[in-house]
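Beneath this line is the structure, given in structure tokens, with notes to follow.
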Amino acid sequence: MMLLLQLFALLQAKAVAKADVPVCQRGYFPCGNLSICLPRSFHCDGVKNCENAADEENCDDISGWTSTFPVSHQNLPEMAPNCSLHHYPKNCRCRETQLECTRAGLYSVPKISVQVTVLSLKRNNIFSLPDDVFLMCTEMKYLFLQKNCLKTISKKAFFGLFKLQHLYLNHNCITSLTAGIFRDLHELKWLVLDENPIAKISQRLFTGLQSLSYVSMVKNSLEVLPRNICAQIPRISWMDFTSNHIKLLTSSTFLTCDKLKVLCFQENQIGLVPEKTFSPLRSLTDLDLSQNLISKLLPSAFTELRRLEKINLSFNPVYLHLNQFDSLRLLQSLNLEGIEISNIHLRMFQPMRNLSHINFKKFRYCTYAPHVRICTPLTDGISTFENLLANNILRIFVWVIACITCFGNLFVIGMRSFIQSEYKTQTLSIKSLCCSDCLMGIYLFFIGIVDIKYRGQYKKYALLWMESLECRIIGFLAMLSTEVSVLLLTYLTLEKYLVIVFPFSNKRLGKCKTVVMLIGIWITGFIIATIPFWNEDFFGNYYGKNGVCFPLYSDQTEEAGGKGYSLGIFLGVNLLAFVTIVFSYISMFCSIQKTGVQMSDVRKDKHGETAVANRFFFIVLSDAICWIPVFLLKILSLLQVEIPGTVTSWIVIFILPVNSALNPILYTLTTSFFKEKLRQLVYRYRRKFALKNERKNLTTSVVWTNDPLSLNAGCLNKITLDDDEVTST
Ligand SMILES: *[C@@H]1O[C@H](CO)[C@@H](O)[C@H](O)[C@H]1NC(C)=O
Ligand SMILES: *[C@@H]1O[C@H](CO)[C@@H](O)[C@H](O)[C@H]1NC(C)=O
Ligand SMILES: *[C@@H]1O[C@H](CO)[C@@H](O)[C@H](O)[C@H]1NC(C)=O
Ligand SMILES: *[C@@H]1O[C@H](CO)[C@@H](O)[C@H](O)[C@H]1NC(C)=O
């Protein structure tokens, strides 16, 4: 069930996400109808990069990508009549001046007529390019050399290719490129060197590439970039160094890169970004620094990037300053996934008026950027950007459980007052327990009301709500309720324990002492719930950590005080109480079993034992259901395991109140005492209206046991024994 509900929440989140499929940015193409975008160099490169293989669909046989080619080569007959090349290898295909030799089994660059404009030598076995191998091909515009395991490229290999515009050398085995190798490629616009083991490049490598606008070196082994990398390539607008081993950027790296628009350093090892590193990049619109090791960023790191529209800082161990993004007024997309922002403040995101997408590590951060249209994560499991309670299940159940808890407990209080019992102190404790459980119901009612109040516009009020006095007060109520409840349960259990395990020691407390005990418990609960108010600096906003104001959450940014305190309460006090309860019940059960065995009637204690065991089992089980998830949650958070928010929300709305809702049932409604009283009532009622049959008066024959909670199984035994006799005849 739980899983199903979670799945439901997940699907909801997905549906929201899908409504905003991003259009791919420049240089990227979408994977068919999927929302994934890939760099254009992946299109038709002969490798399935999209899950649905959309990147290999509609490819010209000649490769590259569709839009690059002036003529489509689909469905080309073997020997096209209009081939204008005289010389080319047999297993290549020619059309006009374009030649396709993919998988032609070539071991070297073949002799080809000089008019060739497009040449594909993809997936052959060409391991080296000697000097002047393309010298005569002065008309060549596109050259594809992917997947050849090309290793050595002579210094003059590309000489003469004056009109070359696109050069593909990706997926080869190139370890180094000699400076000056591209000397003649004055027209080259695209240079793709992805997936080579190139470890080093120099500024002079780019000599001659005065038209170059795109260079991609994804998945190489670069460790440093040359100083002033743009010196020889003044027109460069796109550089992609994704997945290299770059550790260092310096203030002189991008000195003359003022035309650069897109810069990618995803998945490198950059640790430091010195002052003014990015200041020359006045045209930059897109900066990707994700998955690096940047820990320190100067507040001024991005001040000159006034054109920036998109920045990805995700998965860096970075500390962000309050004024970090002040000058990025045109920024539309900010990715801060995986970043702890301990000093988060509204002020940090306010200057970016155009921001429409923001990605955080935690949903809670979204409340600090209320003007941003789309913020992820879409939910913390409790709330979404729109609503305090994320989904309909939570919304409905908050009311249902509030009603059950509140009215169940009120009913029991009423019942206990109405039906006089000889055990006044016991009744007092039970009523006290009901009162504290009732508070949990009141808390849930408030959550339900606030949810309705902010329905559809929660993001505007989220922060206000979490920091409001109301939130703190209902958080206080919930905390008071749980703590008093836990302490009372322990007290009740210990009392029973003393009666049963030491039946002759006469250790029962008198009425006065019980009252003192109960008042003590309430005061303790009150103090526990009040302490976090004492020092805001130390505890932080202890209750306002999430929309439901319950301090179960424990994330890394939490103030040490608040974190330690909630750990101490939930894993200290409550765990101790739980262990006490479990052990008391186990030893009580053993004790009853022992005294039972001493009696002669075997059948008798068999029945009684099962009944008692069942009741004990349910009491312990309800406590366990309630508290074990909380203990686990706390232990996991202690081990710094990331806990999905959904889990927390289900615990707060469903599991914690379970105990409060079940307590009246377990401690009153199902006890034989209560059943008996009910039976008496019904009996009297019947007798009034139907005085015909003389019945055996059951009630008078019942021997009242010492404990109304039926922990001594005497009366149960009697009843079951009678039943048994009837059925056995
Ligand atoms: C994408 O298209 C394929 C067939 O063209 C279809 O089977 C698939 O369901 C589509 N997926 C989505 C998410 O629209
Ligand atoms: C071959 O070229 C002629 C003119 O040069 C043109 O009319 C004809 O359509 C071309 N054939 C093909 C298959 O491209
Ligand atoms: C930002 O970087 C992360 C990690 O590299 C990546 O998963 C995500 O798609 C990027 N986001 C954008 C908007 O480019
Ligand atoms: C960004 O903001 C400027 C004004 O500051 C506005 O003119 C421009 O249209 C906005 N652009 C977008 C994409 O919202």
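Atoms within each ligand, like the ligands themselves, are counted from 1 in listed order. Counting begins at 1 with the first residue of the sequence. Remember, it's a predicted structure, so these values are computed and weren't measured experimentally.
Which parts of ligand 3 touch Q266 is read off a 4.0 Å heavy-atom cut-off, strictly below it: atoms 5 (O). Counting atoms of ligand 3 from 1 in the listed order, those under 4.0 Å from a heavy atom of K310 are 13 (C). Counting atoms of ligand 3 from 1 in the listed order, those under 4.0 Å from a heavy atom of S314 are 1 (C), 2 (O), 3 (C), 4 (C). Contact atoms of ligand 3 toward N312: 1 (C), 2 (O), 3 (C), 8 (C), 10 (C), 11 (N), 12 (C), 14 (O) (distance under 4.0 Å to a heavy atom of the residue).
Take R455 and apply the salt bridge (Lys or Arg N to Asp or Glu O under 4.0 Å) test, not counting sequence neighbours, and it matches D451. Not counting sequence neighbours, N316 has no partner by the side-chain hydrogen bond (donor to acceptor under 3.5 Å, both in side chains) test.
Using a 4.0 Å cut-off between a side-chain N of Lys or Arg and a carboxylate O of Asp or Glu, E386 and K459 do not qualify as a salt bridge. The pair D326-R347 counts as a salt bridge, with a side-chain nitrogen and a carboxylate oxygen less than 4.0 angstrom apart.
Taking distance alone, with nitrogen or oxygen atoms compared against 3.5 Å, S290 approaches ligand 3 more closely than that limit. At a 3.5 angstrom cut-off on N or O pairs, Q291 counts as close to ligand 3. Ligand 3 has no N or O atom lying under 3.5 Å from any N or O atom of E337, backbone or side chain.
Residues N312 and L336 form no side-chain contact, since every pair of their non-hydrogen atoms from C-beta on lies 4.5 Å or further apart. T376 has its side chain out of reach of F360: every pair of non-hydrogen atoms, C-beta onward, lies at least 4.5 Å apart.
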